[in-house]
Structure formats: C-alpha cells, structure tokens
Amino acid sequence: MAHPIAVTDTSFANDVLNSELPVMVDFWAEWCGPCKMIAPIVEDLAEDYSGKMVFAKVDVDSNPETAMKYGVRGIPTLLLFSGGSPVDQVVGAVAKSELVKRIDKVLS
C-alpha cells in the first residue's frame, strides 16, 4: 500500500527535486483543520497513482525552510513538481476530483 512519504528540509532535494517521477508535496501542520480534511484524500491519491507519482508531506512547523523557499503562505498548500520544478499549486482543501484533474495534467 502506497503512502505519502514524510519529507524534511534536509531530504527535500533528494526526495522531491531528484525524483524520477512527478511529486505532489502536501505542506501541512498538525494544528491545521483543513490539512486534516485533505489528508485522507492525499492518502487515497497516493494509492491510486502508486508507481506513477510520488506523494510527500512536509510539516511546515518542523521544516520552515522548504515552505519559505517555495512561498508557502497558507496551508494546506499542494505543490506539484515535475523534473525538479514546481509546475502547479493548489492552496486550501479542495475536492479529490480537482486534484485528480491537476495530477492527470502533469502526467499527460
């Protein structure tokens, strides 16, 4: 079963930027209500797109450098990376169908 991987400021370059597959990074925090709402959707997507896309989670409280580097101001923020560069961004808790649309665009 595929799950999102926990990524830190230290492991971000290796886990996300150097990934051969596109990566969706979920910037979140323990105290964030909307983050908790979107977490099960991200889990489902990790399962649905296993082998096609990597899903990662960055706790902004423990890893502020990466969040600042990518201009994350509100959470949850989902950033889609392809070839080591951010190609799309979704801010706030959105429907699974919206995320599927964005992912399919990156994968096509």
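- No side-chain heavy atom of Asp44 sits less than 4.5 Å from a side-chain heavy atom of Val42.
- One distance of note links OG of Ser82 with CG of Asp88; it measures 11.0 Å at 0.5 Å rounding.
- A salt bridge does not link Asp104 to Lys52: none of the charged side-chain nitrogens sits closer than 4.0 Å to a carboxylate oxygen.
- Criterion: ILVMFWY side-chain heavy atoms under 4.5 Å apart, direct or through other members. Under it, Leu80 and Tyr70 are not part of a common hydrophobic cluster.
- A salt bridge between Arg102 and Glu98 is present, with a side-chain N of the basic residue lying under 4.0 Å from a carboxylate O of the acidic one.
- Scanning both residues, Ile38 and Ala93, for their nearest heavy atoms gives CD1-CA, 3.9 Å.
- For Asp9 and Thr66, the side-chain atoms include at least one donor-acceptor pair closer than 3.5 Å.
- Contact between Asp26 and Pro76 at its shortest, heavy atoms only, is OD1-CB, 4.1 Å.
- Here the closest non-hydrogen pair linking Pro22 and Val106 is CB-CG1, 4.0 Å.
- Relative ring orientation between Phe27 and Phe12 is described as tilted, the plane-to-plane angle lying within the 30° to 60° band.
- Closest non-hydrogen pair, Ile75 versus Trp28, comes out as CD1-C, 4.0 Å.
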When you look at Val23 and Met53, which way does the side-chain contact (heavy atoms from CB on, under 4.5 Å) test go after all the steps? CA-CA 6 Å; Val23 184; Met53 180 173 257; 5.8 Å; no
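- Separation of atoms NE2 (His3) and CD1 (Ile5) is listed at 13.0 Å; rounding is to 0.5 Å.
- Criterion: ILVMFWY side-chain heavy atoms under 4.5 Å apart, direct or through other members. Under it, Met24 and Val16 are not part of a common hydrophobic cluster.
- With rounding to the nearest 0.5 angstrom, the NZ atom of Lys101 is 10.0 Å from the CG atom of Leu99.
- For the pair Ser11 (side chain) and Thr8 (backbone), a donor-acceptor distance under 3.5 Å is present.
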Candidate pair Asp48 and Lys96, rule side-chain contact (heavy atoms from CB on, under 4.5 Å), full reasoning: CA-CA 11 Å; Asp48 296 347; Lys96 184 178 179 181; 2.9 Å; yes
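- Tracing side-chain contacts under 4.5 Å through hydrophobic residues (I, L, V, M, F, W, Y), one never reaches Met68 starting from Val7; they form parts of separate clusters.
- Panel note: side chain Lys105, backbone Val100; no donor-acceptor pair is recorded below 3.5 Å.
- Using cut-offs of 30° and 60° for the angle between ring planes, the Phe55 and Tyr49 rings count as tilted.
- Atom CH2 of Trp31 sits about 6.5 Å away from atom CG of Asp61, to the nearest 0.5 Å.
- Rounding to the nearest 0.5 Å gives a distance of 9.5 Å between OG of Ser50 and CG of Leu21.
- There is no path of hydrophobic side-chain contacts, each under 4.5 Å, that joins Val72 to Leu78.
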Applying side-chain contact (heavy atoms from CB on, under 4.5 Å) to Glu30 and Lys36, what does each step give before you reach the verdict? CA-CA 8 Å; Glu30 192 58 52; Lys36 291 182 176 146; 3.9 Å; yes
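- When every heavy atom of Val60 is checked against every heavy atom of Ala67, the shortest pair comes out as CG1-CB, 3.8 Å.
- Residue Val90 is grouped with residue Val87 when hydrophobic side chains (ILVMFWY) are merged at heavy-atom distances under 4.5 angstrom, including chains of intermediate members.
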